[in-house]
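To start, the structure itself, in structure tokens.
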Amino acid sequence: MKMRCYTFCILLFAALSFYSCRETGAAATDQDKQTEATKKEPLRVGMVTGLKPEKIDYDKELHANTWEGVLKKIKECNIRNYSIYFKKIEDKYYLFSYYEYIGDNYELDMKKIASDSVTQRWWRETDPCQQPLPDAAAAGEIWSPMDEVFHAQ
């Protein structure tokens with residue numbers, strides 16, 4: 001009888017401990033969800049530019065070996081999850097880029113990138129590879145912004 005009572009107490013203690021840990025874990029998870037929900041959504045940016053056929057290999061080589069200073073400046077200026085995609089459509093070539101901006105002053109951070117000497121040198125290498133679309137060319141730009149029409153997490 002004493003053994004059964006002892007076993008019962010141990011099982012009860014274990015069950016209560018498990019239940020308490022589960023509740024604490026659930027509360028922490030709910031708190032984490034609330035914290036995530038109050039975090040500011042990143043600004044998602046999609047852009048497109050043309051790519052000159054004779055420069056495709058050079059552009060791919062450049063981007064496969066992006067300079068460390070360029071990557072550092074991108075990160076310093078609150079850009080994350082940056083990707084560039086290549087696509088041939090009919091007889092033309094395009095680059096599509098996507099990134100997320102997590103900072104508080106997009107214009108200021110873009111000016112920091114534009115004034116960075118390493119980035120300026122990088123652009124002197126990449127810009128001649130690219131063929132701006134008409135709207136970008138008219139504005140003196142290389143990349144054309146794209147409108148986001150769908151996003152799911």
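Each residue takes its place number in the sequence, starting with 1. Quick caveat: nothing in here was measured; it's all calculated off a predicted structure.
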Could I get the full list of side-chain hydrogen bond (donor to acceptor under 3.5 Å, both in side chains) partners for Thr126, not counting sequence neighbours?
->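 Partners of Thr126 under the side-chain hydrogen bond (donor to acceptor under 3.5 Å, both in side chains) test: none.
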
Any residue meeting side-chain hydrogen bond (donor to acceptor under 3.5 Å, both in side chains) with Tyr93, in chain and number order, not counting sequence neighbours |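 Residues passing side-chain hydrogen bond (donor to acceptor under 3.5 Å, both in side chains) with Tyr93: none at all.
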
Side chain to side chain contact (heavy atoms under 4.5 Å, CB included) between Lys112 and Asp116: does it pass, once the steps are laid out?
-> CA-CA 6 Å; Lys112 287 179 186 175; Asp116 178 61; over 6 Å; no

Evaluate whether atom CG of Asp57 has more than 12 neighbouring non-hydrogen atoms of other residues, nucleotides or ligands under 6.0 angstrom away.
-> no

Taking atom CD of Glu54 as the centre, does the number of heavy atoms from other residues, nucleotides or ligands within less than 6.0 Å exceed 12?
->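 Enclosed.
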
[atom1]/[X] to [atom2]/[Y] distance, rounded to the nearest 0.5 angstrom?
X: Asp127; Y: Lys55; atom1: CG; atom2: NZ; result: 11.5 Å
X: Trp122; Y: Ile74; atom1: CH2; atom2: CD1; result: 8.5 Å
X: Asn105; Y: Met110; atom1: CG; atom2: CE; result: 9.5 Å
X: Tyr99; Y: Ser97; atom1: OH; atom2: OG; result: 7.0 Å
X: Glu141; Y: Leu133; atom1: CD; atom2: CG; result: 12.5 Å

Geometric class of the Tyr101/Tyr106 ring pair [parallel <30°, tilted 30-60°, perpendicular >60°] = perpendicular

Between Leu95 and Trp143, what is the shortest heavy-atom contact and its length?
-> O-CZ3, 3.4 Å

Taking all atoms of both residues into account, what is the closest heavy-atom pair of Pro132 and Ala137, and its distance?
-> CB-N, 4.0 Å

Main-chain N/O of Glu61 paired to Asn65 side chain as donor or acceptor, under 3.5 Å |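 Indeed, once roles are kept as given, a pair shorter than 3.5 Å links the two residues.
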
Distance-only criterion, 3.5 Å: show the donor-acceptor pairs between side-chain atoms of residues 41-51 and protein atoms not counting sequence neighbours.
from	atom 1	to	atom 2	distance (Å)
Glu41	OE1	Arg44	NH1	3.1
Arg44	NE	Glu148	OE1	2.8
Arg44	NE	His151	ND1	3.2
Arg44	NH1	His151	NE2	3.4
Arg44	NH2	Glu148	OE2	3.1
Thr49	OG1	Ile142	O	2.8

Hphob cluster co-occupancy, Ile89 + Met146, side-chain heavy atoms under 4.5 angstrom | yes

Do you reckon Phe86 sits in the same ILVMFWY cluster as Leu62, going by side-chain contacts under 4.5 Å, direct or chained?
->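 Cluster IDs for Phe86 and Leu62 match.
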
State which residues pass salt bridge (Lys or Arg N to Asp or Glu O under 4.0 Å) with Asp104; sequence neighbours excluded, sorted by chain then number.
-> Lys40

Not counting sequence neighbours, list each pair that qualifies as a side-chain hydrogen bond (donor to acceptor under 3.5 Å, both in side chains) and has a residue in residues 67-82.
-> Lys73-Glu76, Asn78-Asp109, Asn81-Glu100

Of Val118, Ile113, Val70, which is the lone residue that meets side-chain contact (heavy atoms from CB on, under 4.5 Å) with Trp123?
->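 Exactly one pass, corresponding to Ile113.
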
Could I get the full list of ring-ring contact (aromatic ring centres under 6.0 Å, His included) partners for Tyr58, not counting sequence neighbours?
-> none

